[in-house]
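Quick note: numbers below take in every heavy atom, side chains included, and nothing from hydrogens, waters or symmetry partners.
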Amino acid sequence: MGLLDGRVCVITGGAGSLGLASARRFLDEGAKVMLVDLEGATRARALADLASPNVAAVAADVSQATGARGYIGRTVARFGPIDVLFGNAGNQSPVVPVTEYPEDAFDALLAVHVRGAFLACKYGLPRMNDGGSVIITSSGADRRGEA
């Protein structure tokens, strides 16, 4: 018996390195997992890698209310009420001094990391099981955007 037997888990940024590692662990513990990721090829690779009937994936822009409502609704329709909501989506960002940081990159960073976590909670909380539910949010910088 796993720690998450039958629990429904949503992972935004689910096809990235941390999301995929978390999904693998959640599945090993008996969970049903919805991967939320914007990139189609990455989602497809994650699904193929996990190869489980207890995992599904959905495309969504986590920075938009329609995206958040969509992935929450698709999760509940597929697996039932949510037990774990892992707001893990992130985006690439330049690693430069603040005086050189592009304002549009800053806006994009806030949209995904902050607004995305807010929207996950706003639309996810009402669809979570009563008692014992878990919300985790994380944020990280990706050096691939380095100038």
Exceeds 12 heavy-atom contacts within 6.0 angstrom, atom [atom1] of [X]:
X: R74; atom1: CZ; answer: no
X: F106; atom1: CZ; answer: no
X: E103; atom1: CD; answer: no
X: R24; atom1: CZ; answer: yes

Is there a side-chain contact between [X] and [Y] in this structure, where contact means two heavy atoms from C-beta onward sitting under 4.5 Å apart?
X: M34; Y: V58; value: yes
X: V84; Y: V33; value: no
X: V10; Y: F79; value: no

Of all the heavy-atom pairs spanning [X] and [Y], show the shortest one and how long it is.
X: A89; Y: V62; value: CB-CG2, 3.7 Å
X: N91; Y: H113; value: OD1-NE2, 3.1 Å
X: C9; Y: L4; value: SG-CD1, 4.3 Å
X: N54; Y: L27; value: O-CD2, 3.7 Å
X: P53; Y: R78; value: O-NH2, 3.7 Å
X: L20; Y: A46; value: CD1-CB, 3.8 Å

Is there a donor-acceptor contact under 3.5 Å from the side chain of E29 to the main chain of L3? yes
Treating D37 as the side-chain partner and T42 as the backbone partner, does any N or O pair qualify as donor plus acceptor under 3.5 Å? no
Roughly how far, to the nearest 0.5 Å, is the [atom2] atom of [Y] from the [atom1] atom of [X]?
X: I82; Y: Y123; atom1: CD1; atom2: OH; result: 14.0 Å
X: L47; Y: L35; atom1: CG; atom2: CG; result: 6.0 Å
X: D104; Y: L109; atom1: CG; atom2: CG; result: 11.5 Å
X: T75; Y: M128; atom1: OG1; atom2: CE; result: 11.0 Å

Answer yes if L119 and V76 sit in the same cluster of Ile, Leu, Val, Met, Phe, Trp and Tyr residues linked by side chain heavy atoms under 4.5 Å apart, and no otherwise. yes
Do L85 and L38 sit in one hydrophobic cluster, given that two such residues count as connected whenever their side-chain heavy atoms are within less than 4.5 Å of each other, even indirectly? no
Yes or no on side-chain contact (heavy atoms from CB on, under 4.5 Å) for D61 and T66, after CA distance, side-chain angles and deciding distance? CA-CA 8 Å; D61 180 345; T66 55; over 6 Å; no
Quick check on salt bridge (Lys or Arg N to Asp or Glu O under 4.0 Å): which of R7, K32, R127 does D83 satisfy it with? R7
Mind running side-chain contact (heavy atoms from CB on, under 4.5 Å) on V55 and F26 for me, showing each step along the way? CA-CA 10 Å; V55 66; F26 289 178; over 6 Å; no
